[in-house]
Structures are given as C-alpha cells and as structure tokens.
Amino acid sequence: MLRFRFLTAFACVAVLSACEKNAVQDITTPVSGAFVRFHNYGVATPGVNFYANDQKLTAISNAVCTPPPTTPNPACTTTGVESTSGVVYGSVASGGNYAMVAPGQYTLSSRLASTADNGLAVSSATTTLADGKFYSYFVSGIYNTAAKTADAFVVEDALPASFDFTKTYVRVVNASSYSPSITVTAVLQSGGATVPIASGVTYKAASPFITTTPGLTDVTVTIT
C-alpha cells in the first residue's frame with residue numbers, strides 16, 4: 001500500500017506586553033517559506049548529507065552520544081557528533097519530512113557524509129523555490145565511482161488544496177536515467193479494480209497526485 005505523508009507547520013508567535021501577564025499565542029498563521037524534501041535514489045550512491053547552497057539541511061546524529069559515553073565527549077554537548085553514514089541509497093532524509101528555507105534561487109546538492117572525501121559534492125541542481133510551495137530533490141541515475149558523481153533533479157510537489165484522509169495519495173517520479181517513459185497501474189486486491197496511476201512519465205518527471213482506495217495493492221510498471 002502506498003501512502004502519502006504530509007507535514008503541516010505553523011508559526012507560533014508570542015504576543016507579550018509589559019502590563020499583561022496572560023500573553024496569547026497566535027498559532028493560526030502558516031510559516032512563510034519554501035519546503036523541500038531530499039531523496040537518495042542514485043543507484044549505488046554512498047551516504048550523503050543535503051545542502052541548500054552552503055547551508056546543511058540534513059544530517060544524522062551519531063549514536064556515540066546516546067547513552068552518554070563512559071569517557072565524556074565534549075562534542076556531545078556542544079557541536080554534536082555527526083554520523084558518517086548519511087542518507088543512504090533508497091532512503092529519504094529526515095524521516096520523509098520537509099526542510100524549510102527562505103524563498104529564492106538555490107543550488108541544492110548532496111555531499112558525501114563519509115570520513116574520506118567528507119563534504120565532496122556528489123550531485124547538484126539549481127532551482128528557484130517559491131514561497132508556500134513544496135519540492136522534492138532527487139539524487140538519481142547511477143553513481144560514477146571514478147568521478148564520485150551522480151545525477152540530480154528537482155520536482156514540485158503539487159499537493160492538493162485539501163485532503164481526504166479516507167484516501168491514499170499516489171504519484172510517480174521517474175528517477176531511472178536508463179528508463180524510457182513509464183506507465184504505472186495499480187490493482188487493489190480486495191476488489192480487483194485496475195486503477196491508472198500515471199502514464200508517459202519520462203526521466204526526471206513526476207505525475208500529478210491521484211487518490212486511490214487504501215488497502216493491499218499490486219503495482220505494475222510498464223514501458224509506455
């Protein structure tokens with residue numbers, strides 16, 4: 001079963017006054033910014049961290065600080081200890097959640113998390129992120145072990161204006177550099193009905209979100 005997970009964020013603004021003890025928080029205003037989610041789908045690409053220009057947006061904490069080590073490590077209470085595993089192939093950063101940045105033009109990139117060549121750029125894509133919109137950055141293609149590079153692209157996540165939480169939301173993104181355009185269908189096992197998910201999705205393209213009935217589903221990918 002394929003499910004779409006969506007995170008809604010709100011600004012929390014405290015209104016304080018010198019003569020008021022009972023301040024009121026306004027939690028109704030959406031956060032202003034652009035939102036981006038990062039995927040490592042480059043075949044055989046090592047673990048990476050993701051950046052917007054030179055700002056690191058994803059990283060994984062090292063387990064050496066939890067529980068506290070017998071020999072104290074000052075970094076555990078200061079800068080923190082970063083894992084060298086990074087976001088590995090086939091994974092989505094930050095548990096599938098979005099990172100928020102100010103709207104504008106960015107070079108999004110993935111950089112090696114390993115000790116050797118730490119911070120070396122593996123892939124990058126330049127794009128403009130608009131206020132209030134959601135995007136996904138994909139490391140794609142096949143990792144070149146000699147050049148230590150992979151391909152990348154950005155697609156907008158055109159989310160529906162409102163959600164029906166009794167439905168499953170599905171779309172198709174083609175991140176395979178050797179793939180022709182693809183068509184995807186789904187068959188819900190409980191009813192046997194065939195549902196067209198997407199047709200003619202080329203490399204670096206994404207289909208619109210569609211709704212299906214939740215349940216155990218067989219998904220078929222064919223060449224268009």
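- Put simply, CG on N97 and CZ on F38 are 12.5 Å apart, with the number rounded to the nearest 0.5 Å.
- Exactly one residue among N144, L112, D117 makes a side-chain contact (heavy atoms from CB on, under 4.5 Å) with V122. That residue is L112.
- Between L188 atom CG and T194 atom OG1 the span is 10.0 Å, to the nearest 0.5 Å.
- In this structure the side chain of T212 reaches within 4.5 angstrom of the side chain of I197, judged on heavy atoms.
- Hydrophobic cluster membership differs between V88 and V48, with clusters built from Ile, Leu, Val, Met, Phe, Trp and Tyr side chains linked at under 4.5 angstrom.
- Paired with R37 under the rule side-chain contact (heavy atoms from CB on, under 4.5 Å), one option of L57, D157, T58 passes, and it is D157.
- The backbone N or O of D164 sits less than 3.5 Å from a side-chain atom of Y169, completing a donor-acceptor pair.
- How far CD1 of I210 is from OG1 of T168: 9.5 Å, rounded to the nearest 0.5 Å.
- Between A59 and N49 the shortest heavy-atom distance is CA-OD1, 3.5 Å.
- Across all their heavy atoms, D151 and Y203 have their closest contact at OD2-OH, 2.8 Å.
- Ring geometry, H39 versus F138: the interplanar angle falls under 30°, so the pair is classed parallel (tilted spans 30 to 60°).
- Using a 4.5 Å heavy-atom threshold, the side chains of P160 and K167 count as separate.
- For the pair D54 and R111, the minimum side-chain heavy-atom distance is below 4.5 Å.
- Proximity of V101 to L129: side-chain heavy atoms (C-beta onward) are separated by under 4.5 Å at one or more points.
- Separating the CE atom in M100 from the CZ atom in F35 is a distance of 6.0 Å, to the nearest 0.5 Å.
- For the residue pair S177 and G141, the shortest heavy atom distance occurs at OG-CA, 3.4 Å.
- Looking at every heavy atom in both residues, R171 comes nearest to E156 through NH1-O, 3.4 Å.
- Although no hydrogens or angles enter the test, the distance criterion places no donor-acceptor pair under 3.5 Å between the side chain of T84 and the main chain of T115.
- Panel note: side chain N118, backbone A113; a donor-acceptor pair is recorded below 3.5 Å.
- Listed here is the closest heavy atom pair of T202 and S181: CG2-CB, 3.8 Å.
- Taking the side chain as every heavy atom from C-beta outward, P46 and Y143 approach each other to under 4.5 Å.
- There is no path of hydrophobic side-chain contacts, each under 4.5 Å, that joins V154 to Y51.
- Checking S110 against S123 by side-chain atom types alone, a donor-acceptor pair falls below 3.5 Å.
- Panel note: side chain S179, backbone S176; no donor-acceptor pair is recorded below 3.5 Å.
- Looking only at distances, a side-chain donor or acceptor of N40 sits under 3.5 Å from a matching main-chain atom of V87.
- The OG1 atom of T128 lies 11.0 Å from the NZ atom of K133; values are rounded to the nearest 0.5 Å.
- The two atoms that bring F50 and V139 nearest to each other are CE2-CG2, 3.7 Å, heavy atoms only.
- Of the possible polar contacts, one joining the Y135 side chain to the A130 backbone as a donor-acceptor pair under 3.5 Å is found.
- Taken from OG in S114 to NZ in K148, the straight-line distance is 7.5 Å, to the nearest 0.5 Å.
- Annotation: side chain of V195 is not in contact with side chain of T217 (no heavy-atom distance under 4.5 Å).
- Taking the side chain as every heavy atom from C-beta outward, V92 and Y41 approach each other to under 4.5 Å.
- Residues V184 and V201 form no side-chain contact, since every pair of their non-hydrogen atoms from C-beta on lies 4.5 Å or further apart.
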